[in-house]
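Input: a single structure, listed below in structure tokens.
The basis for the numbers below is simple: all heavy atoms, side chains too, and nothing from hydrogens, waters or symmetry mates. Naming convention: chains lettered A, B, ... in sequence-line order (proteins, then strands); numbering from 1 in each chain. Just so you know, these numbers come straight off a predicted model, no measurement behind them.
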Amino acid sequence: MIPAIRGTHDILPGEIERWQRAEQVVRDVCERYGYREIRTPVIEREELFAKGTGETTDIVQKEMYAFEDKGGERVTLRPEATPSMVRAFVEHALEQRLPTVKIFSLGPMFRYERPQKGRYRQFHQLDVEVFGVADATLDAEVVEMAAALVDALGIDDAEVVLNSVGCAECRPGFSRALLAALGDRAADLCGDCRRRAAVNPLRIFDCKVPSCQPIVDALPHATDYLCDPCRSHFEATTALLKALDVDFRVSHRLVRGLDYYTRTTFEIRGGRLGAQNALLGGGRYDGLVRQLGGPDRAGIGFAAGMERLVLAMPEGPGPRAPDAFIVALGDAARQSAHRLARDLRRAGLTVLIDYGDRSMKAQLRRANRTSARHVLILGEDELARASVTVKHMASGGETLVGRQDVVRMLTADPASAEQPAPKRGLSVLADDEPEGGPGDVEQPAPKRRLRVPDTAV
RNA sequence: GUGAGUGUAGCUCAAUUGGUAGAGCGCCGGACUGUGGCUCCGGAGGUCGCGGGUUCAAUCCCCGUCACUCACCCCA
């Protein structure tokens with residue numbers, strides 16, 4: 001056997017249903033907030049992340065799948081989405097095409113890290129970005145949307161954490177204040193923290209080493225060192241968030257690991273996730289577009305870890321039960337059975353059938369395992385009478401139905417009659433008959449509701 | 001990159017103080033010549049992660065290695 005690459009994983013039937021549910025919710029929420037989907041390549045120039053994500057970050061320094069391609073180009077599998085989104089925004093002048101540039105993307109990211117719970121080498125992110133809007137009302141809306149997303153996924157033990165890390169004007173002052181406050185206690189910090197103090201003092205707040213905690217607790221807070229514009233931006237953000245009834249906690253210890261963040265940063269943390277408890281994280285990055293060679297435009301967004309969202313989501317329904325399972329007995333019946341399957345499928349039903357010459361018992365056992373609502377038995381008797389035995393699995397009841405009436409009988413069940421609108425493009429052959437087939441005693445489970453696209457703008 | 005724990009049937013796990021392995025679930029079949037789910041009976045399925053060492057003999061002991069899990073780190 002050739003096993004999967006470390007840190008990658010297959011999403012199998014049984015688990016994929018959760019993913020599909022998560023992706024559906026994600027798309028719905030994004031659409032409701034006015035975001036348009038874009039898809040960017042998983043491979044980019046290495047330079048994009050060196051400049052975008054930041055040369056000093058661990059992501060760029062040691063986690064990228066970077067290599068030289070056959071043309072001698074330095075390329076890399078993307079470790080995160082934001083720089084690609086910025087690139088696409090600039091490269092296609094999206095601000096000329098969209099009224100407001102609110103875009104989202106869903107796809108795999110790659111980081112060479114040691115796998116653990118909620119962390120993989122190939123993982124998937126939802127990425128949400130807005131370009132060209134500097135106003136604090138957007139900061140609040142983005143955070144509120146992130147909270148709404150988590151809520152819509154049914155994750156109820158999540159916590160919104162907020163902070164402001166200032167801007168290019170005021171952050172250097174804060175860094176100096178940090179170092180000053182540290183003073184000679186810097187020597188008592190752990191090795192990592194001493195390294196952070198030299199490279200990126202803000203990250204000292206991230207430390208979990210117990211011996212560092214008293215020192216870190218005594219450090220000044222970023223929000224006390226904001227310049228006037230940053231302060232009022234933060235105040236406006238928190239005020240609107242309160243007005244929007246978003247529960248959040250301001251934590252001066254929330255510092256994000258990427259270099260480009262300015263002003264608002266936030267994170268949503270969830271339970272049952274182990275150490276990697278950040279469901280999503282993001283913030284404002286007003287200098288990034290320009291830094292990547294674009295116009296001077298504000299930016300804000302967040303990325304959510306799909307694996308983590310799926311992990312934190314409550315259990316949902318399993319796969320949809322098939323409408324029918326066809327049992328064919330004998331070679332003569334088998335061809336007819338496949339024609340019946342085709343006709344029912346054309347009418348929009350989910351229909352399964354067994355293959356090969358298996359006993360009736362074996363076929364029924366398989367039918368039972370698929371939770372099919374009906375079993376359609378087609379043997380020599382039925383063939384001779386041009387009919388089909390329709391067995392309702394839940395009750396065990398059977399009726400002999402004329403071959404030409406089977407489609408109508410199964411499509412006319414009361415549950416699907418409740419939803420007359422859907423099945424776009426499928427009903428070519430189906431409902432040319434009047435409603436209400438032959439008296440149908442069966443009471444099948446209701447069909448899953450089809451989603452009606454929200455066309456409101 | 002560091003640390004700890006774990007690798008035995010498709011899945012969840014036993015056992016052997018060193019004598020080459022079992023259960024439950026699942027799968028296939030039978031009891032029921034064309035009727036599932038329950039029950040009973042039978043069957044298939046294992047390089048005991050991989051490599052080396054010690055030994056008459058290793059799934060068990062030793063060394064190495066790989067993988068998985070969790071944590072550090074980092075981050076979604």
Side-chain angles (χ1 to χ4, degrees), chain A residues 1-9 12 14 53 56-64 79-82 106-128 146 149-150 190-193 195-196 200 203 206-210 254-258 266-270 273-283 301-312 325 327-330 333 354 358-383 389-398:
Chain A
M1 188 195 53
I2 301 167
I5 300 256
R6 178 168 212 196
T8 69
H9 59 122
L12 304 176
T53 310
T56 68
T57 61
D58 279 21
I59 290 176
V60 169
Q61 283 187 355
K62 47 189 190 192
E63 295 175 3
M64 286 207 296
E80 62 143 343
T82 302
L106 215 41
M109 306 294 155
F110 304 84
R111 292 183 200 171
Y112 194 86
E113 298 181 274
R114 196 76 174 263
Q116 73 187 72
K117 189 183 181 100
R119 190 173 79 180
Y120 307 93
R121 290 184 175 180
Q122 176 179 337
F123 60 104
H124 298 77
Q125 283 190 336
L126 159 69
D127 196 67
V128 172
L149 170 66
V150 169
C190 68
D192 285 326
C193 281
R195 184 170 50 78
R196 291 183 183 115
N200 188 350
R203 312 241 33 222
D206 252 352
C207 190
K208 292 167 201 153
V209 175
L254 176 70
V255 289
R256 317 235 69 253
L258 280 53
F266 67 99
E267 208 169 276
I268 297 186
R269 298 173 187 157
L273 281 174
Q276 310 300 319
N277 69 346
L279 287 167
L280 61 89
F302 66 86
M306 294 300 293
E307 278 80 1
R308 294 182 188 179
L309 292 179
V310 167
L311 209 56
F325 190 105
V327 169
L329 298 165
D354 212 342
R358 309 214 318 142
S359 72
M360 180 160 193
K361 181 194 286 286
Q363 295 188 57
L364 267 171
R365 196 164 36 232
R366 186 157 292 178
N368 189 60
R369 197 147 58 95
T370 68
S371 317
R373 273 187 280 279
H374 298 93
V375 163
L376 311 183
I377 301 170
L378 231 176
E380 284 173 23
D381 294 355
E382 287 84 358
L383 205 55
T389 298
V390 176
K391 181 185 177 79
H392 184 244
M393 290 300 271
S395 65
E398 292 181 10

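Remark: P of B:G36 and CD of A:Glu398 are 11 Å apart, rounded to the nearest angstrom. Summarising the geometry, the separation between CE on A:Met360 and C1' on B:G36 is reported as 9 Å, rounded to the nearest angstrom. The separation between A:Arg203 atom CZ and B:C72 atom P is 14 Å, rounded to whole Å. To the nearest angstrom, C1' of B:C75 lies 7 Å from CD of A:Glu63. Between the CG atom of A:Asn277 and the C1' atom of B:C74 there is a distance of 13 Å, rounded to whole Å. A straight line from CG of A:Asp381 to C1' of B:U35 spans 13 Å, rounded to a whole angstrom. Rounded to a whole Å, the CZ atom of A:Arg6 is 9 Å from the P atom of B:C66. A:Gln61 has its CD atom 12 Å from the P atom of B:C74, to the nearest Å.
Taking CD of A:Glu398 as the reference point, atom CE of A:Met393 lies at 10.0 Å (rounded to 0.5 Å).
Residue A:Lys361 has its side chain nearest to B:G36 when only B:U69, B:G36, B:C73 are considered. When the nucleotides B:C73, B:G34, B:G36 are ranked by their closest atom to the side chain of A:Leu329, B:G34 comes out on top. Between B:A76, B:C28, B:G36, one nucleotide has an atom nearer to the side chain of A:Arg369 than all others, and that is B:C28. For A:Arg114, the listed nucleotide lying nearest its side chain is B:U2; candidates were B:G30, B:U2, B:C75.
The phosphate of B:U35 has neither OP1 nor OP2 within less than 4.0 Å of any side-chain N or O from A:Lys391. Remark: A:Gln125 is not in phosphate contact with B:A76, judged by side-chain N or O atoms under 4.0 Å from OP1 or OP2.
With C1' as the reference atom, B:G7 and B:G19 are 24 Å apart, rounded to whole Å.
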Let's go through A:Glu380 and A:Leu329 carefully: what are the C-alpha distance in whole Å and the side-chain angles of both, what is the deciding distance for side chain to side chain contact (heavy atoms under 4.5 Å, CB included) to 0.1 Å, and is it a yes or a no?
CA-CA 7 Å; A:Glu380 284 173 23; A:Leu329 298 165; over 6 Å; no
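Comparing A:Ser359 and A:Gly305, the nucleotide of RNA chain B nearest to each residue sits closer to the 5' end for A:Ser359.
When A:Arg366, A:Arg365, A:Gln363 are each tested for a side chain to side chain donor-acceptor pair (under 3.5 Å) with A:Asp354, only one passes: A:Arg366.
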